[in-house]
Amino acid sequence: MEKTFQPADIETRWYQEWEARGYFAPQGGERAYSIMIPPPNVTGSLHMGHGFQEAIMDALIRYHRMRGYNTLWQVGTDHAGIATQMVVERQLEAQGINRHDLGRDKFVEKVWEWKEESGGTITRQLRRLGSSLDWSRERFTMDPGLSAAVQEVFIRLYREGLIYRGKRLVNWDPALHTAISDLEVVAEEEQGHLWHFQYPLAGGEGHVTVATTRPETMLGDTAVAVHPDDERYSHLIGRTIALPLTGREIPVIADDYVDREFGTGVVKITPAHDFSDYDMGRRHGLPMINIFNDDAAINDEAPEPYRGLDRLAARQRVVADMDALGLLEKVDDHTLRVPRGDRSGVVIEPYLTDQWYVDAREMAKPAIEAVESGAIQFVPKQWENTYFAWMRDIQDWCISRQLWWGHRIPAWYDESGNFYVGASEAQVRVEHELADSVTLRQDEDVLDTWFSSALWTFSTLGWPEETPELATFHPSSVLVTGFDIIFFWVARMIMMTLHFRKEVPFHTVYVHGLVRDGEGQKMSKSKGNVIDPIDLIDGIDLESLVSKRTAGMMQPQLASKIEKATRKQFPEGIAPYGTDALRFTYFSLASTGRDIKFDIGRIEGYRNFCNKIWNAARYVLMNCENQDCGVNSELPMDFSLADRWITGKLEETTAQVTRALENYRFDFASQALYEFVWNEYCDWYLELSKPVLWDDNAAEAAKRGTRHTLLHVLEKMLRLLHPFMPFITEEIWQTVGAMAGKSGPTIMLEPYPQAGEKGVDSVANADIEWLKGVIVGIRNIRGEMNIAPGKELPVLFRNGDQRDQARLGHNAQFLKKLARLADITWLSAGEESPVAATALVGELEILVPMAGLIDKDAELQRLGREIDKLEKDLSRLKGKLGNASFVDRAPAEVVAREQEKMEAQQQALATLQEQQQHIRQL
RNA sequence: AGGACUAUAGCUCAGUUGGUUAGAGCGCUACCUUGACAUGGUAGAGGUCCCCAGUUCGAAUCUGGGUAGUCCUACCA
């Protein structure tokens with residue numbers, strides 16, 4: 001074995017082996033366990049959030065596979081309608097053409113080509129993370145089978161009256177020329193202005209003043225509203241305004257939506273371009289004047305001078321014209337929330353169009369019930385509130401998108417504007433008995449990508465066919481996802497699945513936090529703080545990292561800032577840490593919080609941890625290879641105290657890890673493993689094995705017992721670690737497993753260790769704690785007195801009881817080796833001791849004679865510190881026990897424990913004070 | 001505006017039902033190449049558990065109030 005762990009070559013080697021041998025596919029078993037991967041964008045690439053999520057799913061999957069479940073991890077990708085179409089359009093743009101030049105069919109062909117070209121990136125990355133996905137069942141939302149499911153769902157919902165078509169105000173993206181759902185709009189605060197316009201009364205007797213943040217919309221105003229109880233304006237209600245610039249007259253209406261406190265208390269109403277105005281317009285039967293075209297430029301409904309102007313130009317023109325008329329009263333600075341498309345980044349316009357909707361209100365009812373009843377449980381539970389809050393006030397879901405890439409809506413129109421929903425034009429004709437002379441054209445629009453991903457848990461398993469896979473693996477066991485898509489995806493999956501399957505899509509939703517950078521900033525391309533998980537695995541030099549972060553930016557002016565920050569943060573680039581270290585880092589960060597700050601220091605620590613495991617294995621192999629380890633022999637074995645102790649500790653760790661996994665506390669699991677491997681197995685057990693293995697006089701049975709323990713604890717530990725660190729454990733296990741008598745081909749399919757077969761050996765535990773206490777006491781003196789670590793010390797013991805004597809008797813060789821002792825002398829009661837530095841283990845005094853070794857003042861200082869600490873603690877304990885109400889009212893065992901503690905401390909204090917006196921007198 | 005979450009060591013975070021000497025990793029200090037590992041070992045320093053009040057014999061933990069930050073929802077033109 002190499003002296004240090006080198007992850008690079010073993011990782012790809014093992015992954016290929018596992019995949020080629022079909023280990024990832026379901027293996028049978030009575031109980032099924034399944035997870036459906038949240039489908040990433042087929043042409044995208046994995047970011048840290050994905051890496052985190054995949055690691056968690058893989059741990060769950062590997063754990064259950066090892067537990068003998070019939071385990072399926074379903075893999076696949078989605079077609080990401082808007083994002084993918086945007087990318088291809090940009091490619092075309094670079095060639096100076098747009099999609100309309102190509103036409104729909106050619107364009108969609110281009111997108112498929114791009115999908116074929118770039119679709120491998122994400123699956124390659126998933127493999128690098130070690131994800132044990134069943135690649136034989138890979139699905140894509142645009143596959144024929146999944147597309148058929150989408151069509152089936154659309155048609156059935158339409159026939160049930162749960163999908164309808166309507167002319168409504170939607171969120172219109174003027175850059176992408178499509179409607180988007182409210183979830184795809186992000187509203188951020190921005191600096192704007194509030195323009196105050198005077199609107200003259202039609203009779204010429206004065207004016208009212210309205211305030212607006214979007215002056216251009218006045219061209220579409222159809223009323224002015226005041227609050228019904230507002231005495232300032234009550235006389236105006238029912239009168240008429242001469243709307244400037246348009247020549248139209250509009251009424252003054254009363255509506256209690258109006259906030260009397262805001263602005264002037266008078267609101268202009270533009271029902272076709274504002275959501276709340278739209279509602280008011282419907283309440284009052286106002287006309288709706290649409291003044292925009294698809295680009296959000298002014299259309300021909302508006303007065304001639306404004307036609308064709310972009311909305312911003314129109315705004316300037318309107319303001320200038322109003323000013324010229326003397327009707328611009330004032331302009332205030334104003335902070336407002338501007339809605340922008342989360343993909344395009346442009347300002348979204350409320351826009352009146354024909355769209356398709358899902359009646360979400362109706363479908364939400366059973367979906368709420370499923371969570372209320374506990375059929376679906378969120379972990380952590382608090383996310384259920386988020387879910388409920390949204391579901392109980394859900395809006396109808398606009399599912400049509402004016403794109404070419406996606407599932408085309410199965411609806412056909414005739415020339416009189418009637419439409420027919422069905423699986424194909426031919427079927428529609430038959431069903432509706434349409435003559436051949438009737439021309440039909442299919443709806444141009446496609447469905448929201450989330451519409452198809454809402455079917456993901458069952459469409460991937462073959463629905464609408466009733467396949468064996470559906471029967472076995474649906475509902476799935478758990479959904480692992482980020483809280484940011486609870487609305488987008490989780491809620492919609494629950495609604496769709498309950499409706500079509502009459503069962504839940506999953507029993508548990510594990511919601512994890514969002515991975516952020518070391519400063520807590522969201523990782524994004526425009527911030528230039530993105531880390532590719534693969535770069536943490538393979539490493540990347542600084543120059544490549546800088547160019548990766550600054551390439552192809554939407555806002556190139558930020559590049560130099562990003563370059564500077566990157567050079568500062570990663571002056572040496574990023575070292576290669578390997579997949580196992582990356583995964584272990586994710587687990588250690590997977591607590592219940594909402595933000596996960598990714599600190600590069602953590603991964604380095606876990607890379608070191610891998611190396612520790614590697615070297616522990618090296619030690620075990622050096623000592624056990626070609627030796628009798630008691631595996632297949634009948635020869636007797638003696639197990640030392642340390643052997644029994646570490647075996648018990650492993651049991652304890654197994655129980656902790658299992659409990660943590662059952663509770664989705666991957667941070668607890670990783671901590672328990674780290675603690676065991678490093679602080680118990682390596683720091684103590686391996687050291688304690690040396691005196692036995694390296695002692696020529698030790699009995700063969702004892703050596704055999706120790707080798708046996710070394711080997712079997714390591715082997716079991718590897719299995720315990722495997723779901724978290726698949727590669728290093730497989731690599732080591734291949735040798736160690738065979739030596740320990742395992743014949744399976746891979747650790748992946750070995751049983752996961754179960755706790756509780758053997759109890760913890762509490763006697764061995766107490767004895768080892770004693771031993772550690774003695775060793776640490778001596779090391780402490782050595783460390784603080786600056787005695788060379790190699791210097792062998794004589795040590796005296798005094799004042800211990802029979803148990804101390806017995807323990808010393810059994811462990812003298814361990815003590816000598818681990819504390820580097822020359823000899824140990826037991827002083828009988830009352831025997832005079834030389835002047836010495838002292839350590840205490842219970843009542844036992846450990847004395848290191850000072851002659852020539854220890855400086856008097858240094859030892860006095862050290863004792864002083866110890867005594868201070870004891871005195872402080874003691875006064876706290878005395879106060880507590882002197883408090884009558886504590887003694888009376890606290891449980892007896894708590895009082896007794898405090899009492900014991902106090903007595904022990906008093907004893908220790910007395911001993912140390914005596915020593916202090918003794919040394920002072922020198 | 002409403003709601004949620006967070007506040008613990010220099011940094012990133014644990015702390016499950018109130019009783020711990022309040023922990024871990026990284027970082028820091030000193031010493032050390034000893035036959036698994038310097039990606040290491042040994043020892044050590046470092047905390048007003050955000051603030052105030054309350055409940056309790058006892059609060060990092062429970063309750064109320066405040067401060068700061070993050071996020072989500074909402075029609076303030």
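These numbers come from a predicted model, not from an experiment. All chains are named by letter (A, B, ...) in the order of the sequence lines, taking the proteins before the strands, and each is independently numbered beginning at 1. The analysis underlying the following values was restricted to heavy atoms, covering all of them including side chains, and did not include hydrogens, waters or symmetry mates.
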C1' gap between B:A24 and B:A9, integer Å: 11 Å

Enumerate, in order of first residue number, the stems that involve RNA chain B, defined as 3 or more consecutive Watson-Crick or G-U wobble pairs with both distances under 3.5 Å. B:1-7 with B:67-73, B:10-13 with B:23-26, B:28-32 with B:40-44, B:50-54 with B:62-66

For A:Y257, is there any backbone N or O sitting under 3.5 Å from a side-chain donor or acceptor partner on A:D255? yes

If I pick the C1' atom on B:C11 and the same atom on B:G54, what distance separates them, to the nearest angstrom? 34 Å

Using a 4.0 Å heavy-atom cut-off across all strands, classify A:D259 as base, sugar-phosphate, or nothing. base

So A:A389, base contact, sugar-phosphate only, or nothing? Heavy-atom distance under 4.0 Å. nothing

To the nearest Å, how far apart are A:L686 CG and B:A36 P? 10 Å

Main-chain N/O of A:A225 paired to A:K268 side chain as donor or acceptor, under 3.5 Å: no

Just call it for A:R618: base, sugar-phosphate, or nothing, with non-hydrogen atoms closer than 4.0 Å on any strand. sugar-phosphate

Look at A:K878 together with A:E898 and state whether they make a salt bridge at an N to O cut-off of under 4.0 Å. no

Measuring only the P atom in each nucleotide, how far is B:A7 from B:U16? A whole number of Å is fine. 12 Å

What contact category does A:W390 fall into here, base, sugar-phosphate, or nothing, at under 4.0 angstrom with non-hydrogen atoms? nothing

Which sits closer to the 5' end of RNA chain B, A:R659 or A:T264, going by the nucleotide each is nearest to? A:R659

Between A:Y674 and A:Y606, ring centroids under 6.0 Å: yes

Does one side chain, of A:D182 or A:Q395, offer a donor that lies under 3.5 Å from an acceptor on the other? no

Pair A:F5 and A:W614, ring centroids less than 6.0 Å apart: yes

Touch check for A:R392, heavy atoms < 4.0 angstrom, all strands: base, sugar-phosphate only, or nothing? nothing

Separation of A:I781 atom CD1 from B:C31 atom C1', in whole Å? 17 Å

A:D274 and A:S276: side-chain donor and acceptor closer than 3.5 Å? yes

Need one value for A:K869: base, sugar-phosphate or nothing, where a base atom within 4.0 Å counts as base even if backbone is also close, heavy atoms only. nothing

Scoring nucleotides 38-44 of chain B by protein non-hydrogen atoms under 4.0 Å (B base, S sugar-phosphate only, - none) yields SBSSSSS

In whole Å, what separates the C1' atom of B:C28 from that of B:G65? 39 Å

Looking only at B:A77, B:U73, B:U12, the nucleotide nearest the A:R602 side chain is B:U12

Assign A:Q395 to base, sugar-phosphate, or nothing according to its heavy-atom contacts below 4.0 angstrom with the strands shown. nothing

So which nucleotide from B:U73, B:C13, B:G35 ends up closest to the side chain of A:S591? B:C13

For RNA chain B, whose closest nucleotide is more 5', that of A:G790 or that of A:S588? A:S588

Between B:A60 and B:C72 - P atom distance, rounded Å: 34 Å

Does A:K268 put a side-chain nitrogen or oxygen below 4.0 Å from OP1 or OP2 of B:A77? no

Donor-acceptor check, side chain of A:D396 to backbone of A:A360, threshold 3.5 angstrom: yes or no? yes

Between atom CZ in A:R260 and atom P in B:C76, what is the gap in whole Å? 19 Å

To the nearest Å, give me how far apart CG (A:D484) and P (B:U73) are. 11 Å

Rounded to whole angstrom, note down the C1' distance from B:U70 over to B:C62. 25 Å

Just to confirm, is there a sub-4.0 Å distance from OP1 or OP2 of B:A77 to any side-chain nitrogen or oxygen of A:H334? yes

Could you verify whether a donor N or O on one side chain and an acceptor N or O on the other, from A:T335 and A:E190, lie under 3.5 Å apart? no

Could you tell me whether the side-chain ring of A:Y674 sits stacked on the base of B:G25, using a centroid cut-off under 5.5 Å and a plane angle under 30°? no

State which residues pass side-chain hydrogen bond (donor to acceptor under 3.5 Å, both in side chains) with A:Y199; sequence neighbours excluded, sorted by chain then number. A:D221

How far, in whole Å, is B:G27 from B:G10 if one measures between their C1' atoms? 7 Å

Ignoring the backbone of A:T213, work out which of B:C57, B:A36, B:A77 is nearest its side chain. B:A77

If I take atom CD1 in residue A:I348 and atom C1' in nucleotide B:C75, what distance separates them, rounded to the nearest angstrom? 18 Å

Out of B:G35, B:A24, B:G19, which has the shortest distance to the side chain of A:Q671? B:A24

CG of A:D279 versus P of B:A74: gap in Å, rounded? 13 Å

Nucleotide B:U34, atom P - distance to CG of A:L688 in whole Å: 21 Å

For A:R214, answer base if it contacts any base atom (sugar-phosphate contacts may also be present), sugar-phosphate if it contacts only those atoms, and nothing otherwise; contact means non-hydrogen atoms under 4.0 Å. nothing

If we take the C1' atom in both B:C26 and B:C57, what is their distance in whole Å? 40 Å

Side-chain N or O of A:R665 closer than 4.0 Å to phosphate OP1/OP2 of B:G15: yes

Ignoring hydrogens and angles, are the base of B:U70 and the side chain of A:R594 linked by a donor-acceptor pair under 3.5 Å? yes

Under the 6.0 Å and 45° cation-pi test, does A:R583 pair with A:Y586? no

For A:F388 and B:U73, give me the distance from atom CZ to atom C1', rounded to whole Å. 17 Å

Looking only at side chains, do A:Q671 and A:E675 share a donor and an acceptor under 3.5 Å apart? no

Looking at B:U34, I'd like to know if its phosphate oxygens (OP1 or OP2) sit under 4.0 Å from a side-chain N or O belonging to A:K690. no

Quiz question: by atom type and distance under 3.5 Å, do the side chains of A:T653 and A:Q656 form a donor-acceptor pair? no

Would you mind telling me which of B:U12, B:U16, B:C75 lies closest to the side-chain atoms of A:F668? B:U16

B:G58 phosphate, OP1 or OP2: any side-chain N/O from A:K880 under 4.0 angstrom? no

